[in-house]
Amino acid sequence: MRGEVLLIGIVCAILLVVKAEGMYMIAPQGVSCSDACLAKGMNCNPHILTKNNSDIFRQLGVNCNADPAPWWAEDQPAYITLRSDPNYGKCLGFTNVPGGVQCGAKFPASSRLCRCDDPNTFSRVGTFGTGLSASYVDETERTLFTWVLPQDTFGVMTHFWLTAPRSISSETLIRYYVDGEQNASVSFLPPLACGSGFDDQTAPWGNEWFGKGAADGAWFTNFKIPFHRSIRVTYQRTLPGQSGGFYIMVRGSPYPTSQKTIHLGAGLDIPSTARLRVITTDKVVQPLSWVNLVDMPTGSGLMFMHTISVVSGTMNFLEGCYHAYTPYNQEFPGTVLSTGTEDYFDSAWYFNAGQFRFPVSGFTHLQTVNGQINWSAYRFHIMDP
């Protein structure tokens, strides 16, 4: 075991810099090229140039058995460094490499050959992002996309889209790690991010911020997620088991640091230094109890959007009222935002006109299952911040 760890440490320390093609490196065992490049403050370039031979592995100090079989797995080209793997000691997949490999792919036995670009030299683009097609999701957190910005820019993630078999979308947790943070400040289940609970498959519908474009999946958001150094986007199933038919895309754009605001819409601009944060409350609430949706005693900001998903034995929870306390120590009742739950979502009389999905608010689900009421709704606060 010590020899194996030492070998990996030596290999990872040897880098080849090719000015016309960025930098090549061997990633640590079981680590994706996205994460390996990010750890170096660089961006993964999916275009691996091997000239159909294993010379680049030798140039990186790897003494391996070159297997000339054509590329056949998403974690290739790679050096197999796990002793228990039948391909241990081999360099695989360096022949007929596709025009673009999957930067986020990884395999426990593989140390991937990665191409990393200096963000200040190679990564000046108008739009950045990636897509994953016909893949799978399981309980392992996997990196979809990373991006490191040039020094004179900040970035904004602008678009997210996901399609998966029915129910898998509501079991897939998406995380955005902003500027190297260890705990993702933005994490969500796609249907709830689109204001819909209980895997409601009503479609098609949408507005400028989110929607659903197909009978199964096709959840999308256009939420703006600012960052100033780097972004890492991951996906993970919250339940055991693997599901195929998984498709996902993310996109964003860079802006010069001289630009001091980000336009949200409806005539509202926010500072370019603003951060998006998702606050999730998942608890059992007793009748007549108070629930803090947002509790921020200091600072300033905007409550951008609110989704609520409720399981209850009765509809009495719709008698709950929303209150806002600005300033934080304002006396009760603060600012009364609604005289009943349905009022807050711009409806009345227990939503007696049925479901709706408006630009500002929506009533997205109502169903009784085993005597329990399942209900969800959303509201934006851009037009009334």
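Under the 6.0 Å distance and 45° angle rule, R379 counts as a cation-pi partner of Y344.
Atom OG1 of T307 sits about 7.5 Å away from atom CZ of F380, to the nearest 0.5 Å. Between I270 atom CD1 and K224 atom NZ the span is 8.0 Å, to the nearest 0.5 Å. Here the CD atom belonging to E139 is positioned 8.0 Å from the CD atom belonging to Q236, to the nearest 0.5 angstrom. T314 contributes atom OG1, which lies 9.5 Å from atom CD of Q372 (distance to the nearest 0.5 angstrom). Between I231 atom CD1 and I225 atom CD1 the span is 6.5 Å, to the nearest 0.5 Å. For the atom pair T257 OG1 and Q151 CD, the distance stands at 10.5 Å (nearest 0.5 Å).
Between F317 and W375, the gap from one ring centroid to the other is short of 6.0 Å. For Y176 and F227, the ring centers are positioned 6.0 Å apart or more. Ring-centre distance between F351 and F363: below the 6.0 Å cut-off.
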Task: Evaluation steps, side chain to side chain contact (heavy atoms under 4.5 Å, CB included), between M315 and I373 - done: CA-CA 7 Å; M315 294 290 284; I373 295 166; 3.5 Å; yes
Task: Derivation of the side chain to side chain contact (heavy atoms under 4.5 Å, CB included) call for M42 and M23 - done: CA-CA 9 Å; M42 307 180 82; M23 181 182 78; 3.4 Å; yes
Open item on the list: Pair L162, I174 - check side chain to side chain contact (heavy atoms under 4.5 Å, CB included), show working.
Closed with: CA-CA 10 Å; L162 179 142; I174 307 299; 4.2 Å; yes
- [ ] Report the C-alpha separation of E181 and S185 in whole Å, then their side-chain angles, then the decisive distance to 0.1 Å, and conclude whether the side chain to side chain donor-acceptor pair (under 3.5 Å) test is met.
- [x] CA-CA 8 Å; E181 63 190 3; S185 53; 2.8 Å; yes
- [ ] Show your working on side chain to side chain donor-acceptor pair (under 3.5 Å) between Q29 and S111 and close with a plain yes or no.
- [x] CA-CA 4 Å; Q29 181 179 307; S111 293; 5.1 Å; no
Open item on the list: Does C114 form a side chain to side chain contact (heavy atoms under 4.5 Å, CB included) with M25? I'd like the steps, not just the answer.
Closed with: CA-CA 5 Å; C114 302; M25 66 177 289; 4.0 Å; yes
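For C91, the disulfide (SG to SG under 2.5 Å) test picks out C64, with sequence neighbours left out.
The minimum heavy-atom distance between T127 and G252, with the atom names listed, is CG2-O, 3.3 Å.
Counted by atom type alone, D200 and S196 present zero donor-acceptor pairs between their side chains at under 3.5 Å. Under the 3.5 Å distance criterion, with hydrogens and angles disregarded, no donor-acceptor pair is assigned to the side chains of N52 and T95. Counting only N and O atoms by type, the side chains of T143 and R232 include a donor and acceptor under 3.5 Å apart. Between the side chains of Y328 and D295, at least one donor-acceptor pair of N or O atoms lies under 3.5 Å. Side chains of D117 and N45: a donor on one and an acceptor on the other come within 3.5 Å.
Just one of F210, F358, F345 meets the ring-ring contact (aromatic ring centres under 6.0 Å, His included) condition when paired with Y378; it is F210. Considering W209, F188, F223, Y235 as possible partners of F160, the one that fulfils the ring-ring contact (aromatic ring centres under 6.0 Å, His included) test is F188.
The main-chain N or O of G217 is found under 3.5 Å from a side-chain atom of K212 such that the two form a donor-acceptor pair. Using modelled atom types, no side-chain atom of N292 and backbone atom of V294 make a donor-acceptor pair closer than 3.5 Å. With H323 contributing its side chain and P333 its backbone, the two residues share a donor-acceptor pair below 3.5 Å. Listed for the S32 side chain is a donor-acceptor partner under 3.5 Å among the backbone atoms of D35. Judged by distance alone, the side chain of Q76 and the main-chain N or O of A78 form no donor-acceptor pair under 3.5 Å. A donor-acceptor pair under 3.5 Å is formed between the side chain of T364 and the backbone N or O of G195. Judged by distance alone, the side chain of W71 and the main-chain N or O of A73 form a donor-acceptor pair under 3.5 Å. A side-chain donor-acceptor contact under 3.5 Å links S289 to the backbone of Q286.
At least one side-chain heavy atom of T202 sits less than 4.5 Å from a side-chain heavy atom of R357. Under the 4.5 Å side-chain criterion, counting only non-hydrogen atoms from C-beta, S253 is not in contact with V156. A 4.5 Å side-chain heavy-atom check between F198 and S309 finds at least one atom pair inside the cut-off. Residues Q355 and W205 have side chains not in contact (no heavy-atom distance under 4.5 Å, counting atoms from C-beta outward). You'll find the side chain of L113 reaches within 4.5 Å of the side chain of L60, heavy atoms only. At least one side-chain heavy atom of T130 sits under 4.5 Å from a side-chain heavy atom of V250. Side-chain contact between C194 and T221 is present, with at least one heavy-atom pair separated by less than 4.5 Å. No side-chain heavy atom of K106 sits under 4.5 Å from any side-chain heavy atom of E74.
The SG atoms of C44 and C103 lie less than 2.5 Å from each other.
Residues F57 and I80 are members of separate hydrophobic clusters, defined by side-chain heavy-atom contacts under 4.5 angstrom among Ile, Leu, Val, Met, Phe, Trp and Tyr.
Each side-chain hydrogen bond (donor to acceptor under 3.5 Å, both in side chains) pair with one or both residues in residues 155-174, not counting sequence neighbours, appears once here: H159-N222, R166-D216, E171-R237.
Counted within 6.0 Å of CG on N63, heavy atoms from surrounding residues, nucleotides or ligands total 12 or fewer; the atom is thus considered open.
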